[in-house]
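So the structure is just underneath, and the comments pick up after that.
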Amino acid sequence: MNIKVDDRRLFLAGKPVRLFAGAVHYWRLDPRNWEKILGNVAQLGFSCVQTYVPWSVHEIERGRFDFGERDPRKDLPKFISLCHRLGLKMFLRPGPHINAELTYFGYPKRIFAHDEMLAKGPDDTVVVIPAPPRGFPAPSYASEAFYAEVDVWMAAVSKIIAANLYPAGPVIGVQPDNEMAMFFRTSVFDQDYSEGALSLYREFVRERLRGNEFGLRERYRTDVGFDKITPPREFSVKHPRELPRYFDWVDFHTYLMKYAIRRIKDQLESHGVRGCFWFHNYPPGNHGNPPFDVQGAEEIVHAQGADLYQRRTEYHFVRRIAGHLAGTSRFPMLPELCCGSTMWIKSLLPEDIIHTTMVSLMHGIKSFSAYMLVERDRWYGSAITSEGEYREPLAQFYRKLFADLANVKFELLHKHSDVLLLVNREYAALDNLTYLFDPVPILFLDDAELLAESYCLEDDFGFEEAPQVFHGRIFRTWYYALARNHFAFDLSDTASDPQRWKKYSCVILPTLSPMSSDLQAKLVNFVRDGGTLVIGWKFPSHGWSGESLEMLAQSAKAKPKIDEIRGCDVYEIGAGRVISVQKLSELKTISMKDDKALRAIYRSLEQILEDLGVPKTLDASDPSVETALHKGPLGDVVFVSNTTSVKMQFSVTIPADAIVKDISTGEFITKGPVLGGFLMPHEVRMYKIEGLR
């Protein structure tokens with residue numbers, strides 16, 4: 001195979017490549033400008049072009065398509081051939097959903113005339129997507145009639161894609177569908193309740209319970225069989241024993257999204273698109289939470305990426321997205337990274353785009369596509385105009401960035417992290433179930449950094465505390481303790497593979513009294529194999545039905561307590577150890593706006609990690625200055641970032657014998673043990689370090 005993904009790198013013909021793409025929508029541009037535009041894309045340093053291939057644009061009528069025979073703007077084969085001649089690789093995104101700020105998101109309008117193809121809400125009415133410039137009904141990705149129509153499109157477009165696959169052609173990557181997120185309507189009780197979705201849900205539950213009718217009656221408190229069960233349409237839990245049925249409905253949404261990606265990929269493969277790099281993208285949000293599942297999606301595609309359209313004031317949102325992909329994905333990528341903006345979302349300035357790009361690379365992203373690199377209708381502020389002219393300062397930024405990344409052999413670098421912070425998906429699922437603003441998508445709240453207590457029910461369901469409230473407090477406290485104290489860390493979630501966890505010095509997971517037996521067993525096995533697991537503030541003691549379940553606690557307590565670390569209990573399980581952090585119980589009573597109390601907890605958590613022997617590879621003088629180390633065979637790279645809106649002085653401790661080179665200027669600026677200077681507001685700098693080991 002000519003294309004391979006391994007160890008967070010993409011290989012072509014056996015060699016790791018540095019691959020950055022720019023979005024160019026050929027059908028929206030004058031074909032007479034294509035060559036100039038693409039030549040200037042290459043001149044900026046981009047090695048790849050990304051484009052949607054929109055169904056609605058190419059379809060004349062069902063089964064008949066225009067690929068340039070009538071309208072030269074739609075000449076996809078010519079556009080691909082031109083990219084190939086100019087030495088540009090290609091990522092193609094044939095949908096069927098593409099969004100692209102198109103009316104109807106790229107679906108032919110005729111699709112919406114068929115009721116059996118449409119998603120339904122809990123009241124059995126059609127779900128409508130309120131997207132400008134004109135809302136439209138949401139197709140159901142559980143509808144066989146819908147997939148039959150999609151297959152007509154895939155059969156046509158696949159002929160062109162298959163004929164231009166690498167190495168004979170420039171197409172190396174193909175994306176099945178786009179932004180799989182139930183059309184941004186991810187609230188649990190919003191959709192899909194269509195007949196196709198209900199049928200798929202019943203099969204999902206049957207498979208989960210292995211066809212055990214008795215188990216179904218016990219779990220669902222019902223007398224009906226698998227063929228007649230119905231999902232919940234609102235949250236009305238009075239006792240923990242009712243929760244498993246609701247958790248199944250949450251998990252079904254994750255299953256449905258992966259099912260849809262697989263179905264569309266299978267259609268493409270059946271029509272000859274094989275041997276390429278498969279990728280997909282989630283919209284911005286917390287990708288550790290259901291219904292998103294990065295590692296689960298990568299059972300279908302090579303890389304499950306994300307989109308980022310953030311302002312420069314949203315540093316930590318960008319860090320969390322990049323850090324989660326770095327800790328979870330086999331190839332951390334951003335299929336859409338802001339370059340310009342549209343009136344339909346927040347306006348972005350060049351400073352925002354530069355900041356988001358640099359912070360993404362700093363925290364582990366290995367590849368991105370600048371969306372939209374080339375301007376077109378319904379978009380403004382791109383680095384290249386629709387006539388092919390450069391727009392500064394973005395064009396200059398990309399020229400310099402790609403020259404710098406080539407200089408340090410960015411494709412060979414690996415971001416160094418000692419700690420992995422996990423999202424507990426079981427608690428996150430309860431967040432979704434108790435969400436008070438349904439059907440307003442939770443996605444819209446993610447970049448506001450709101451805690452669940454601001455938008456969830458606060459019921460404890462008979463547990464000692466409300467898990468959906470307090471797990472978010474624990475996670476957020478750990479996140480800022482790690483960031484402010486300059487520990488090198490990635491993020492992931494409990495759906496990820498513990499084999500990936502083993503490369504970290506320790507794994508941190510918020511835990512309270514409830515937790516499933518499956519997750520407890522996963523944690524016990526990880527520790528038994530030599531892992532270090534930091535939990536708190538409690539050992540899980542109950543399952544989600546309220547039953548006593550102390551698998552993790554009993555495994556730990558079966559061995560003698562071996563030590564205490566700053567008020568923590570430390571237990572051996574096999575070759576590893578569990579550290580139970582009682583200090584976090586203080587979060588139950590303090591305000592999350594009490595900076596003094598939080599700083600005291602951050603200091604306590606810092607001491608715990610120091611006692612565990614977790615190093616600080618690069619310690620900065622100020623909590624608002626963050627660093628990241630990327631190691632490579634030809635030298636290391638250090639990113640330094642000012643996370644504030646004011647100019648500030650910084651210093652970073654490095655080994656005394658390290659030689660530091662400013663990548664921007666090429667000057668040797670110091671020889672250990674301190675790297676220092678001034679950072680402008682929201683500035684991110686790169687330094688090459690020699691002798692740092």
Note to self: Using side-chain contact (heavy atoms from CB on, under 4.5 Å), reason through D493 and H324 one step at a time and then give a plain yes or no.
What the structure shows: CA-CA 8 Å; D493 59 78; H324 189 272; 2.9 Å; yes
Item checked: Residues I590, I601; criterion side-chain contact (heavy atoms from CB on, under 4.5 Å); working and verdict -> CA-CA 11 Å; I590 71 169; I601 294 178; 3.8 Å; yes
Next item on the list: Could you please spell out the steps behind the side-chain contact (heavy atoms from CB on, under 4.5 Å) verdict for R320 and N286?
Entry: CA-CA 8 Å; R320 284 194 295 271; N286 189 338; over 6 Å; no
Check: Passes side-chain contact (heavy atoms from CB on, under 4.5 Å), L609 versus C506? Steps please.
Finding: CA-CA 9 Å; L609 293 178; C506 73; 4.0 Å; yes
Next item on the list: Determine, step by step, whether R484 and E626 satisfy the salt bridge (charged side-chain N to carboxylate O under 4.0 Å, His left out) criterion, reporting the C-alpha distance in whole Å, the side-chain angles of both residues, the deciding distance to 0.1 Å, and the verdict.
Entry: CA-CA 8 Å; R484 291 173 62 87; E626 294 208 358; over 6 Å; no
Next item on the list: Verify salt bridge (charged side-chain N to carboxylate O under 4.0 Å, His left out) between R241 and E547, making sure each step is shown before the conclusion.
Entry: CA-CA 8 Å; R241 63 173 173 266; E547 75 279 17; over 6 Å; no
Checklist line | Intermediate values then yes/no, salt bridge (charged side-chain N to carboxylate O under 4.0 Å, His left out), E299 and K258 | finding: CA-CA 9 Å; E299 296 171 4; K258 292 186 291 187; 5.2 Å; no
Note to self: If you apply the rule salt bridge (charged side-chain N to carboxylate O under 4.0 Å, His left out), what do you find for E203 with R206, and how did you get there?
What the structure shows: CA-CA 5 Å; E203 288 305 309; R206 185 193 301 272; 3.6 Å; yes
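Interatomic distance, L256 CG to L200 CG, rounded to the nearest 0.5 Å: 6.0 Å. Note that the CE atom of M358 and the CD1 atom of I365 stand 13.5 Å from one another [nearest 0.5 Å]. Note that CD of Q175 is 8.5 Å distant from CD1 of I261, once rounded to the nearest 0.5 Å. Atom NZ of residue K366 and atom CE of residue M333 lie 13.0 Å apart, to the nearest 0.5 angstrom. Note that the CG atom of D431 and the SG atom of C456 stand 4.5 Å from one another [nearest 0.5 Å]. Note that CG of L430 and CZ of F461 are 5.0 Å apart. Values are rounded to the nearest 0.5 Å.
In this structure a side-chain-to-backbone donor-acceptor pair under 3.5 Å is missing from S555 to V524. Between the side chain of R202 and the backbone N or O of I229 there is at least one donor-acceptor pair closer than 3.5 Å. A distance-only check finds a donor-acceptor pair linking the side chain of T356 to the backbone of Q310 [under 3.5 Å]. Within the 3.5 Å criterion, the main-chain N or O of L587 finds a donor-acceptor partner in the side chain of R473. Proximity of a side-chain donor or acceptor of R185 to a complementary backbone N or O of Q191 within less than 3.5 Å is not detected. Side-chain N or O atoms of S187 include none that pairs as donor or acceptor with a backbone N or O of D438 at under 3.5 Å. For the pair K415 (side chain) and L629 (backbone), a donor-acceptor distance under 3.5 Å is absent. Remark: side-chain polar atoms of S604 are paired, donor with acceptor, to backbone N or O of A600 under 3.5 angstrom. Side-chain atoms of T511 come within 3.5 Å of backbone atoms of K538 as a donor-acceptor pair (strictly under, hydrogens ignored). H363 contributes no side-chain N or O that, together with a main-chain N or O of R319, makes up a donor-acceptor pair within less than 3.5 Å.
Side-chain polar atoms of Q304 and S329 form no donor-acceptor pair below 3.5 angstrom. Residues T644 and N642 have side chains that bring a donor and an acceptor to within less than 3.5 angstrom of each other. Side-chain contact, Y255 with D293: no donor N or O sits under 3.5 Å from an acceptor N or O. A side-chain donor-acceptor contact under 3.5 Å links D490 and S417. A donor-acceptor contact under 3.5 angstrom links the side chains of D619 and H486, judged on distance only. Between the side chains of E426 and T494, no donor N or O sits under 3.5 Å from an acceptor N or O. Neither side chain, E550 nor S548, offers a donor N or O lying under 3.5 Å from an acceptor on the other. When only modelled atom types and interatomic distance are considered, H682 and T643 share no side-chain donor-acceptor pair under 3.5 Å.
Applying the side chain to side chain donor-acceptor pair (under 3.5 Å) rule to pairs touching residues 594-603 yields R603-E606, sequence neighbours excluded. The ring pair (Phe, Tyr, Trp, His ring centres under 6.0 Å) analysis of residues 581-600, with sequence neighbours excluded, yields no pairs.
Taking the centre and axis of the six-membered ring of Y571, the NZ or CZ atom of K557 falls outside the cone set by 45° and 6.0 Å.
Note on K265 versus D177: no salt bridge recorded, every NZ/NE/NH1/NH2 to OD/OE distance being 4.0 Å or above. The existence of a salt bridge linking D6 and R330 is excluded, since no basic side-chain nitrogen approaches an acidic carboxylate oxygen closer than 4.0 Å. The residues K583 and E586 are annotated as salt-bridged, a charged nitrogen and a carboxylate oxygen being separated by less than 4.0 angstrom. Between R566 and D611, at least one side-chain nitrogen of the basic residue sits less than 4.0 Å from a carboxylate oxygen of the acidic one, meeting the salt-bridge criterion. Ion pairing between R208 and D251 holds under the 4.0 Å rule for side-chain N and carboxylate O.
Ring geometry, F189 versus F235: the interplanar angle falls from 30° to 60°, so the pair is classed tilted. Using bins of under 30°, 30° to 60° and over 60° for the plane-to-plane angle, the ring pair F437/Y435 lands in the perpendicular bin.
Annotation for E411 and R9: closest pair O-CD, 3.0 Å, computed over non-hydrogen atoms. Of all heavy-atom pairs between A575 and D529, the closest is CB-C, 4.3 Å. D307 and P283 get closest at one heavy-atom pair: OD2-CA, 4.1 Å. The heavy-atom pair separating L509 from M515 by the smallest distance is CD2-CE, 4.3 Å.
Every ring pair (Phe, Tyr, Trp, His ring centres under 6.0 Å) that F252 has, sequence neighbours left out, goes to Y201, F204, W249. Residues meeting the ring pair (Phe, Tyr, Trp, His ring centres under 6.0 Å) test with F475, sequence neighbours left out: none. Residues satisfying the ring pair (Phe, Tyr, Trp, His ring centres under 6.0 Å) criterion with H630, sequence neighbours excluded, are F639. Shown here are the side chain to side chain donor-acceptor pair (under 3.5 Å) partners of Q468, two or more places apart in sequence or in another chain: there are none.
Ring centroid separation for the pair W544 and F463 comes in under the 6.0 Å cut-off. Aromatic pair Y141/Y259: ring centres not closer than 6.0 Å. Between F470 and Y427, the distance separating the two ring centers is not shorter than 6.0 angstrom.
Results of the ring pair (Phe, Tyr, Trp, His ring centres under 6.0 Å) test with F489 over Y480, Y479, Y504 single out Y479 as the only residue that passes.
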